Every structure is written in structure tokens, then in C-alpha cells.
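Bear in mind the structure is a predicted one, so any value in this text is a computation, not a measurement. Here is the naming used below: chain letters follow the sequence lines, and residue numbers restart at 1 for every chain.
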Amino acid sequence: MPQHTTLSSPSRRGLLSAAALGGMGLLAGRARADTFDFHVPGGPSTRPMTTTYPEKGRMIVQRTRPPWLETPFDVFDTGVFTPNDQHFVSWHWATFPTHVDTGSFALKVHGLVERPQALSLRELIYDLPRFEIAAVSQCAGNSRLYAQPRVAGAQWANGSMSNALYAGVRLKDVLDRAGVKGGATHVQFGGLDEPMLPDAPKFVKALDIDHARDGEVMLAFAMNGQQLPMLNGFPLKLIVPGWSAVYWIKMLDDIEVTDHPDPSVWTTRSYRVPDTPNHTVEPGQKGFGMVPITRNLPRSFVTNLKPGDSVPVGAPQPVRGIAFGGDRGVAAVDLSLDGGRTWQPTTLGRDEGTYSFRQWQATISLPARGAHTVMARCTNADRVVQPMRRVWNPGGYMSNQVETLDLVAA
Amino acid sequence: MSRSLRTALLAGLLAGSAPALAAAPLELRPTPEVDLPFGDDIGFPAGPGSDVIASNCTACHSADHTLNQPALSREEWHAVVDKMITAYKAPITPEDARVIVDYLARVKGEP
């Protein structure tokens with residue numbers, strides 16, 4: 001266990017009491033302000049809201065420990081960048097530091113390198129060229145709550161995604177400083193979080209060497225102009241623009257250059273999807289291959305209207321939202337008011353970069369009283385279009401079908 | 001919000017061109033030890049097997065992880081518990097695994 005960190009001792013507040021009292025039924029939560037109702041069938045629909053996590057504002061509690069904190073969706077209507085204090089939070093293991101000594105923290109670079117490194121934060125901040133990029137961090141299981149039929153896993157609604165402007169250094173520059181040896185094929189990343197149990201697998205992910213050296217994968221020590229919140233990976237986080245957040249290792253302190261693909265269960269067993277179109281299969285279907293989750297796919301959301309909202313019939317109605325193109329930029333966001341038969345364009349907002357949220361807006365008019373649907377569809381720069389058919393796979397991953405918003409004209 | 005933060009970032013982190021970055025004044029603030037509200041978990045509802053699921057499962061995750069899951073079939077619950085054992089190395093005995101699946105099927109209901 002590293003000397004410079006203070007780990008969240010499970011005995012200190014949570015584990016033993018939870019284990020000891022778990023059989024005694026409901027315990028009173030601390031300062032749980034209110035609840036949020038996702039209105040989904042097939043399981044618990046409400047979650048507590050909380051403001052009790054450090055450096056975090058009002059968040060939806062999907063899991064107390066290790067924390068899964070979801071961004072309330074109304075945050076996405078407030079701007080193209082997600083505030084740090086409402087950036088979603090997801091950890092695999094509960095044993096991560098509750099304090100990091102910025103003076104003694106070291107990023108180790110080892111394995112197939114000429115000059116193994118132990119880089120201080122000061123060296124990262126002052127000795128390497130600065131790099132900045134805007135990127136969406138999205139959990140591979142974002143929107144799993146809406147899978148039909150429902151599947152096990154983190155029951156995220158649409159709020160395990162956040163957009164930030166990251167500042168730090170290119171991974172390429174760090175690797176060049178260490179000198180990658182011939183024969184290297186992959187780079188594996190680990191953080192200060194450790195498994196709870198001695199035999200459990202440490203959480204690691206890997207990229208192939210060309211991806212790691214593409215000049216966009218970077219190590220961030222700042223997001224939106226501030227140092228990272230502890231729960232988002234202080235003091236250093238791997239940013240893999242356009243790729244699923246599972247690769248964005250938090251509290252990054254270990255980079256190993258290797259000559260083999262990631263052998264860990266986090267790639268060989270978890271975070272895998274069918275190799276079928278849109279990663280979609282029928283429930284119970286057999287006989288398809290499974291591949292690791294990699295890049296994000298295009299998505300778009302209406303942010304200024306909620307399901308069931310009433311709008312004036314026949315009147316101009318502004319509709320706005322956010323979109324992202326996945327591993328390519330947003331080329332277009334279109335709306336349909338007739339179930340996808342015809343589409344009308346929207347006006348895209350300022351381009352903050354290939355991997356960022358992109359705001360969009362349009363004005364619609366609902367011609368008749370009664371129920372209507374608004375569909376939003378993103379097309380990325382590779383002409384990859386959100387599918388109309390619902391995405392379903394056993395892991396509940398990579399949901400990106402066209403969203404349908406039910407409105408009432410009155 | 002992005003403009004002001006970005007302006008601050010640019011002024012603070014990116015003053016001048018890239019080669020001049022040694023002058024950039026960013027310092028990471030040492031953070032005080034944070035306090036995680038891990039004791040807020042509600043625990044498992046009492047009933048047959050609740051002690052077994054609490055003692056086997058809450059070492060790694062709070063009960064709300066489990067209680068927020070949808071209704072699943074016994075087969076699906078078995079697969080979940082099996083993955084905890086075989087992939088994530090939860091030291092759960094076969095006997096306890098059966099008790100846990102029974103508890104989940106009863107408390108969570110079937111789809």
C-alpha cells in the first residue's frame with residue numbers, strides 16, 4: 001500500500017457497520033435531501049439524491065460504496081461543459097485514497113522502456129508540453145436502466161456521461177521520455193485504487209501502442225480549469241478521447257509498456273459486447289462473438305424538455321439539446337416529429353472539438369392537440385448514424401438508439 | 001460556465017506558447033483528506049438469508065448496489081453471483097451462493 005496515500009479504510013466508516021447491521025433492515029441515511037424518480041418499470045425506480053460526497057454537488061446515488069453517482073439530467077441543459085461538481089462518478093473498488101500527497105505522488109512508467117520513469121506532478125506540470133482537449137466521458141453502461149428486458153449492472157439512466165475541457169500532457173510525450181522499446185505492442189494503465197480482497201483483480205485497462213501514441217490520449221491534471229475532484233481521479237487521470245470511460249483510469253499512477261494485450265478480466269470477461277450490428281442481439285440469442293468495448297458511438301438528447309411536458313399547440317417551440325459523435329465529430333443532429341419518416345435539421349452550436357458535446361437547437365411546431373413524439377438523431381463525421389432500433393445486449397452496454405421524447409400539445 | 005473557467009484555465013495554465021509553459025503557475029492544491037459517506041448505505045432488508053448476503057457481499061459493495069437491480073430470474077441471479085465469484089474472486093461458498101440467490105429471487109422478485 002503506497003505510503004503517500006491515505007486509503008479509505010473500510011472499517012473506518014462503512015464496511016463493518018454495513019456488514020454488521022446489514023441484516024437489521026433499513027438504516028437511516030445521512031442528509032439525504034430528496035429522491036429522484038426515473039419512472040422505469042421492472043425494478044426500483046427511485047434513487048436518493050445526495051450532496052454528501054466530497055467536492056460534489058447534488059448527485060443521484062446509484063450506489064453508495066464504491067460510489068456510483070449519476071449526473072442529474074437537467075445539468076446538461078445548462079452548458080456544453082459539465083460542472084466538475086456534477087461530473088458523474090464511478091469506481092470499481094472502494095479502496096481508493098481519500099488523500100493524495102501531491103509532493104510525493106509519482107507516476108511510474110515501466111516495462112518495455114529504455115528509461116523507467118517515476119514522474120512527479122511537478123515534472124508533469126512543468127517539464128512536459130501542455131496539452132488541452134475537450135472530451136465526453138461516458139460509462140459503457142450509460143442508459144442501462146432503459147434496457148428492455150432489463151439487465152444486471154449499474155442501473156444508470158442517461159447521466160453517466162459528462163463533458164469537460166481537460167488540461168495535462170500527452171501520453172505520447174510521457175512514453176517518448178521513457179523511450180518505448182522495439183517489440184512493444186500495448187500500454188497498460190493502473191491507478192491508486194486497489195481491490196477490497198487479496199485475490200480480486202486490480203482494475204486495469206490497456207491500449208494498443210499506436211493508440212497510446214496518437215497524440216490525443218493524454219494525462220489530465222486539470223478539468224474545466226480546476227484540479228480534478230478526488231472522486232474523479234485526483235491528481236491524474238487518463239483521458240482517451242472518443243473511447244468509453246472505462247479506459248479513463250483515475251488516480252493514474254502506473255503505466256506499463258508490454259508486448260501483449262490486456263489479460264485482465266476487465267477486458268477478457270467484463271466490458272464486452274456482441275460483434276453484431278449496433279452490438280444488438282435478441283434476448284436469449286446464441287452463437288455470436290463478443291468483443292471488447294472500445295469507442296463511443298453517436299448520441300443526442302433533448303435537454304430543455306422532459307417526457308410528458310405540455311407545449312402550446314401550433315406555436316413555435318424551441319427544442320435544444322446536446323449531442324456527441326463518439327470517436328468522430330458531430331456532423332448533424334436532426335429531429336423527427338413523425339416517428340422517423342421525415343427529419344428536419346437543427347442548428348449546431350459552437351464546435352468545442354471532435355470529442356466534445358455539441359449543443360444544437362431548432363424550433364418545432366406541434367400542429368394538433370394530443371400526444372406527439374420528438375426524436376433526435378446524431379450523425380457523426382464518419383456518417384455513422386444513431387440506429388432507430390433499440391440496442392440490446394446481455395451486458396446493457398453501448399446503448400445509442402435514437403431517443404424518443406413524448407410531449408403533449410395543448 | 002465554460003467561458004470563465006476556460007478563460008481562467010487559459011490564463012493560468014496556458015499563458016504564452018507551449019515551450020514557455022515552465023512559467024505556467026498551476027500548482028495542484030494538496031487536498032484535505034476527504035470523508036466518504038460510505039456509512040449511508042441502507043443495508044439489506046431483514047429476512048431469511050439477509051445475514052448471509054450482508055456478510056458475503058458488503059465487503060466489496062454497499063447493499064444499494066444490489067437492491068437497485070431490476071427484477072431478474074433465478075438463472076440471471078445465479079449468473080450474477082457466479083461472476084462475482086469467478087471473475088471478481090468473491091470468497092462465497094456454494095452453500096452461501098444458493099442462500100444468496102434464494103434471497104435475491106425472493107426480495108427482488110422475478111420479472
Visitor: List the steps and the verdict of side-chain contact (heavy atoms from CB on, under 4.5 Å) for B/Q69 and A/Q155.
Guide: CA-CA 7 Å; B/Q69 297 300 309; A/Q155 298 299 308; 3.3 Å; yes

Visitor: If I take atom CG from residue B/L67 and atom CZ from residue A/R63, how far apart are they, to the nearest 0.5 angstrom?
Guide: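 Here the interatomic distance stands at 13.0 Å.
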
Visitor: Evaluate the ring planes of B/F38 and A/Y53, with Trp represented by its six-membered ring, and classify them as parallel (under 30°), tilted (30 to 60°) or perpendicular (over 60°).
Guide: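 Correct class here is tilted.
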
Visitor: Between A/S45, A/A152, A/G43, which residue shows the highest count of heavy-atom pairs closer than 4.5 Å to chain B?
Guide: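 Among the listed options, the one with the most contacts to chain B is A/A152.
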
Visitor: Using heavy-atom distances under 4.5 Å, tell me whether A/T268 contacts chain B through its side chain, its backbone, both, or neither.
Guide: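 No part of A/T268 comes within 4.5 Å of chain B.
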
Visitor: Under a 4.5 Å heavy-atom cut-off, does chain B meet the side chain of A/V40, its backbone, both or neither?
Guide: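 It is neither, since no heavy atom gets under 4.5 Å.
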
Visitor: Given a strict heavy-atom distance threshold of 4.5 Å, which part of A/R122 is in contact with chain B: side chain, backbone, both, or neither?
Guide: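 Contact with chain B: side chain only.
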
Visitor: Under 4.5 Å from any heavy atom of chain A, what part of B/A87 do you find: side chain, backbone, both or neither?
Guide: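 Both backbone and side chain of B/A87 come within 4.5 Å of chain A.
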
Visitor: Using 0.5 Å steps for rounding, measure from the CG atom of B/L36 to the OG1 atom of A/T98.
Guide: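 Reported to 0.5 Å precision, the distance equals 6.5 Å.
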
Visitor: So how far is it from B/L28 CG to A/F105 CZ, rounded to the nearest 0.5 Å?
Guide: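 That separation rounds to 9.5 Å.
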
Visitor: Is it the side chain or the backbone of B/K83 that comes within 4.5 Å of chain A heavy atoms, both, or neither?
Guide: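 Contact with chain A: backbone and side chain both.
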
Visitor: Report the C-alpha separation of A/T102 and B/R29 in whole Å, then their side-chain angles, then the decisive distance to 0.1 Å, and conclude whether the side chain to side chain donor-acceptor pair (under 3.5 Å) test is met.
Guide: CA-CA 8 Å; A/T102 52; B/R29 248 181 313 109; over 6 Å; no

Visitor: Looking at A/P41, A/P198, A/G153, which one has more heavy-atom pairs under 4.5 Å with chain B than the rest?
Guide: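 Among A/P41, A/P198, A/G153, the one with the most close pairs to chain B is A/G153.
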
